[in-house]
Amino acid sequence: MSEELPEHQQFLNPEQFKAVTQTDGAMLILAGAGSGKTRVLTRRIAQLLYNGTDPKAILAVTFTNKAASEMKERVEELVGEAGKKVWVSTFHSSCCRILRQDIEHLGYTQRFSIYDDDDQKRIVRGLLDELNIDRKAHPPKSFLSQIDFHKNRGRGPDEVLKEHRGHDVQTLLRVWRRYEESLLAADALDFNDLIGKVVILFRDHPEVRQKWQERFEYVLVDEYQDTNRLQYALLRVLAEPQRNIAVVGDDDQSIYGFRGADITNILSFEKDYTEANVIRLERNYRSTPNILAVSNALVAKNKGRMEKRLWTEGDPGSKVRMVRRANARDEAEWVADAAQLMQRRGAEWEDIAVIYRTNATSRVFEQAMQRRAIPYRIVGGRKFYARREVRDILCYLRQLTNPADDAAFLRVCNVPTRGIGSKGLADLRKEASTRGEPLLNVAKGMTSGSPRARKAIGAYAELIESLTKWSHELTPAELVARVIKETGYQGMLSAEKTRESEGRLENLNQLCMDAASFEHPDPHANDFETLAGWLDSVALTGQDEQIPDGGMLTLMTVHNSKGLEYPIVFVVHMMEKQFPHARSLDEDGGVEEERRLAYVAFTRAKLQLIITYNVIGPSNDYGGRGGPTDPAEPSRFLFGLPDECLEGDLPDVEPHAAQLKALAVRKKTIHDQKLQAFLERQKENAAVEVEEPDDLRLIEVESSDQISVGVRVHHPRFGVGTVRMVRGRGPIAQVFVAFAGGRTKSVRLGDPSLQLVMD
DNA sequence: CCATACGCTGGTCCT
DNA sequence: CAGCGTATGG
């Protein structure tokens with residue numbers, strides 16, 4: 001029979017088949033963990049195209065960029081070119097695209113900036129000074145989290161005023177209103193505005209609303225359980241008038257409560273779309289029965305959840321293992337040992353994931369991996385773009401696309417130092433706020449303040465002005481290079497002449513290359529539009545470092561693990577106050593959300609799940625092995641699980657060698673291709689550095705301080721190479737080196753064969 | 001008035 | 001560790 005079916009309809013169970021082929025009308029797909037929800041979504045898109053739907057009329061929204069790019073990839077695999085025209089993106093980037101076209105109705109320009117939390121803080125800080133509010137007693141962050149809280153739920157100051165009274169609210173509202181004014185004046189949106197402004201745009205401008213409603217005939221939503229009120233409002237409008245909306249979600253995997261995710265949106269959906277078809281995908285294809293039984297038992301303890309029976313069949317698999325160690329370090333050592341053992345017995349590194357609740361936990365585990373030279377990667381996203389030098393340069397660029405961007409101005413106007421100090425800035429701000437103009441405007445012809453400050457600030461304005469001219473004539477990459485030079489940033493760093501400053505320079509180099517490789521979705525875009533597009537993508541994605549995931553073990557937070565799966569999963573630091581996190585304990589429903597988080601973590605595992613904890617406490621996050629904190633108790637989530645599926649405390653671990661082998665063979669080809677591409681790219685860099693002098697002056701590398709990106713090293717087997725990346729600190733840091741001929745190797749720093757090349 | 005050095009403190013999760 | 005506030009020196 002399958003021969004007569006088109007490819008995208010093959011190999012589906014009856015429920016999945018229905019979810020794929022009934023394309024019209026509203027549909028609620030309740031999809032348990034591992035029940036093939038991505039498969040269903042991608043194939044549903046394929047089905048739509050198969051039916052002759054215009055790809056441009058399809059909008060698919062996901063929550064994370066990773067999920068979006070993965071889905072896009074899979075759709076293209078299924079349907080080829082047409083897949084490229086489908087909008088598959090996160091809520092935030094879809095909204096950003098809409099606003100870049102139509103925001104002018106709301107008094108912003110198309111060149112608006114996107115503010116991250118750092119920018120937000122900078123603005124609020126200034127506001128508090130202006131309003132004479134004590135920053136110590138009321139930290140900017142507390143205002144911001146309240147503002148975000150309400151915005152996430154689609155409320156504005158007026159609504160909040162109606163609901164609450166009291167002086168606290170009065171101050172909040174004062175700050176909030178000024179905050180909104182400042183953003184409007186700065187032509188900037190925060191993350192919530194990206195969604196919120198679209199909702200307002202559609203509410204107040206019917207002709208715009210209609211345009212987009214007509215454009216999107218079909219709306220699909222992934223991870224629906226994580227939508228907040230605001231996002232739901234947006235979806236409702238977009239799906240009209242056809243009401244062809246399909247949402248896929250699992251109430252047990254709702255883990256974004258802190259961002260306003262509201263599970264009751266699932267109930268609202270059934271109420272608002274009474275015609276909706278409800279389909280349940282309850283068969284799990286991912287995990288072994290033992291893993292599933294433990295996960296089910298865990299999440300069953302939650303009160304407010306929809307009845308769902310997740311089942312699977314086949315060999316029960318190995319039991320879920322629990323391991324207790326004396327302290328964080330021992331725990332990490334054990335995990336690293338176990339991982340190494342598994343790898344020796346046939347598992348690939350990329351089959352293994354270590355999942356934790358908080359980012360800070362990664363460090364101990366990183367160190368343990370480094371000691372054994374286990375290649376690993378951290379899925380954390382932010383890293384590169386969070387670097388100070390990178391963010392500084394981005395702020396310069398933002399001022400070129402948006403001269404009103406005050407947060408960017410404030411961040412970099414004195415980096416490197418140009419004689420603009422706090423007094424001069426204060427005068428400037430005062431003048432700007434009385435004139436109601438952006439800082440940069442006022443800076444050009446400042447009338448207040450001392451002559452010296454005026455001169456310094458005026459010079460800065462001129463600098464930006466001259467760079468702005470360039471922004472229309474240069475490609476983004478050329479422009480970035482120019483900015484780095486003209487602003488004196490390069491000079492500042494090269495004058496420092498430390499390993500660190502050289503590393504920063506290398507990062508900026510990387511930033512240029514990154515800009516060069518950015519492709520604007522619209523091939524006709526000019527340089528300026530390409531720059532703006534690149535800045536958007538940087539702001540919205542945080543973008544992962546370009547390391548292929550082949551050949552490495554993965555470390556990540558639970559939130560980052562959502563939607564992924566691994567044959568072997570370690571869930572670590574399962575202790576009270578960590579998991580559930582201390583901060584969740586006094587929140588309403590906090591512990592239930594933590595339990596869902598644990599459920600998500602557990603259900604990432606396909607073959608083997610290992611849960612570890614220790615009795616001393618979490619690692620002391622930074623630097624120091626800072627000793628025991630509070631004695632820790634095992635997480636409450638480890639109790640009341642089915643005994644027959646568990647085994648305890650034995651450090652030797654038996655992997656399913658045969659199954660892992662089979663998996664490895666299949667995956668290897670894919671990974672090899674990715675790795676190949678990576679190496680190709682590296683080759684271009686390495687080609688420059690092939691010459692290898694006869695008499696090398698070499699000295700032994702003793703600590704990571706001597707090594708940084710760009711430094712040349714020598715290895716007896718591979719010759720001279722350039723350091724591309726350094727992971728971790730101290731004598732056991734892991735170093736990725738590009739050797740001549742395009743080979744990139746990961747070397748352990750302590751490896752005595754690795755030596756520093758002296759010039 | 002500005003730049004720099006240094007000590008203190010805080011702290012989920014993510015777009 | 002980083003970002004902030006304070007103390008000190010140009």
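The structure presented is a predicted model; accordingly, all values stated were derived computationally and were not measured. Here is how names work: the chains are called A, B, and so on, in the same order as the sequence lines, proteins then strands, and each is numbered from 1.
Residue A:N359 is in sugar-phosphate contact alone, with no base atom involved, counting any heavy-atom pair closer than 4.0 Å across all strands shown. Among the heavy atoms of the strands lying under 4.0 Å from A:I420 are primed sugar atoms or P, OP1, OP2 only; no base atom is included. Residue A:R122 is classed as having no contact, given no heavy-atom separation below 4.0 Å to the nucleic acid. Within 4.0 Å of A:F63, counting heavy atoms only, lie sugar-phosphate atoms of the nucleic acid but no base atom. Within 4.0 Å of A:N192, counting heavy atoms only, lies no atom of the nucleic acid at all.
For the pair A:I378 CD1 and B:dC13 P, the computed distance is 13 Å after rounding to whole Å. Rounded to an integer number of Å, the gap from CG of A:N228 to C1' of B:dC13 is 15 Å. The distance from atom NE2 of A:H92 to atom P of B:dC14 is 14 Å, rounded to the nearest whole Å. The distance between atom CZ of A:F91 and atom C1' of B:dC14, rounded to the nearest whole Å, is 15 Å. Regarding A:H573, its NE2 atom lies at a distance of 16 Å from the C1' atom of B:dC13, rounded to whole Å. In this structure, the CG atom of A:L234 is 18 Å from the P atom of B:dT15, given to the nearest Å. Nucleotide C:dG10 holds its P atom 15 Å from the CZ atom of A:R452, rounded to whole Å. Distance CZ (A:R418) to C1' (B:dC2): 15 Å, rounded to an integer number of Å.
The phosphate of B:dA3 (OP1 or OP2) has a side-chain N or O of A:N414 nearer than 4.0 angstrom. For A:R259, no side-chain nitrogen or oxygen approaches OP1 or OP2 of B:dT12 to under 4.0 Å. Contact annotation: A:S450 side-chain N/O to B:dC1 OP1/OP2 distance is not under 4.0 Å.
A side-chain donor-acceptor contact under 3.5 Å links A:S494 to the backbone of A:Q490. Judged by distance alone, with hydrogens and angles left aside, the side-chain atoms of A:T417 form no donor-acceptor pair with the main-chain N or O of A:G419 at under 3.5 Å. Remark: the backbone N or O of A:S254 is paired with a side-chain donor or acceptor of A:R596 at under 3.5 angstrom.
In this structure, A:Y256 does not pack face-to-face on the six-membered ring of B:dC13, missing the 5.5 Å centre cutoff or the 30° plane limit.
Take the nearest nucleotide of DNA chain B for A:K141 and for A:F191: the residue whose nucleotide is more 5' is A:K141. Toward the 5′ end of DNA chain B lies the nearest nucleotide of A:G424, the other residue of the pair A:G424 and A:H581 mapping further downstream.
Distance from the side chain of A:T417 is smallest for B:dA3 among the nucleotides B:dC14, C:dC4, B:dA3. Listed nucleotides: B:dT15, B:dC13, B:dC1. Nearest to the side chain of A:T90: B:dT15. Which of B:dC13, B:dT12, B:dC2 sits closest to the side chain of A:K423 comes down to B:dC2.
When each of A:K197, A:R122, A:K151 is checked for a salt bridge (charged side-chain N to carboxylate O under 4.0 Å, His left out) with A:D190, only A:K151 meets the rule. Each of A:Q578, A:E331, A:R329 was compared with A:N614 under the side-chain hydrogen bond (donor to acceptor under 3.5 Å, both in side chains) criterion, and only A:E331 meets it.
Between A:Y460 and A:F409, the angle of the ring planes goes over 60°, which puts this pair in the perpendicular group of the 30/60° scheme.
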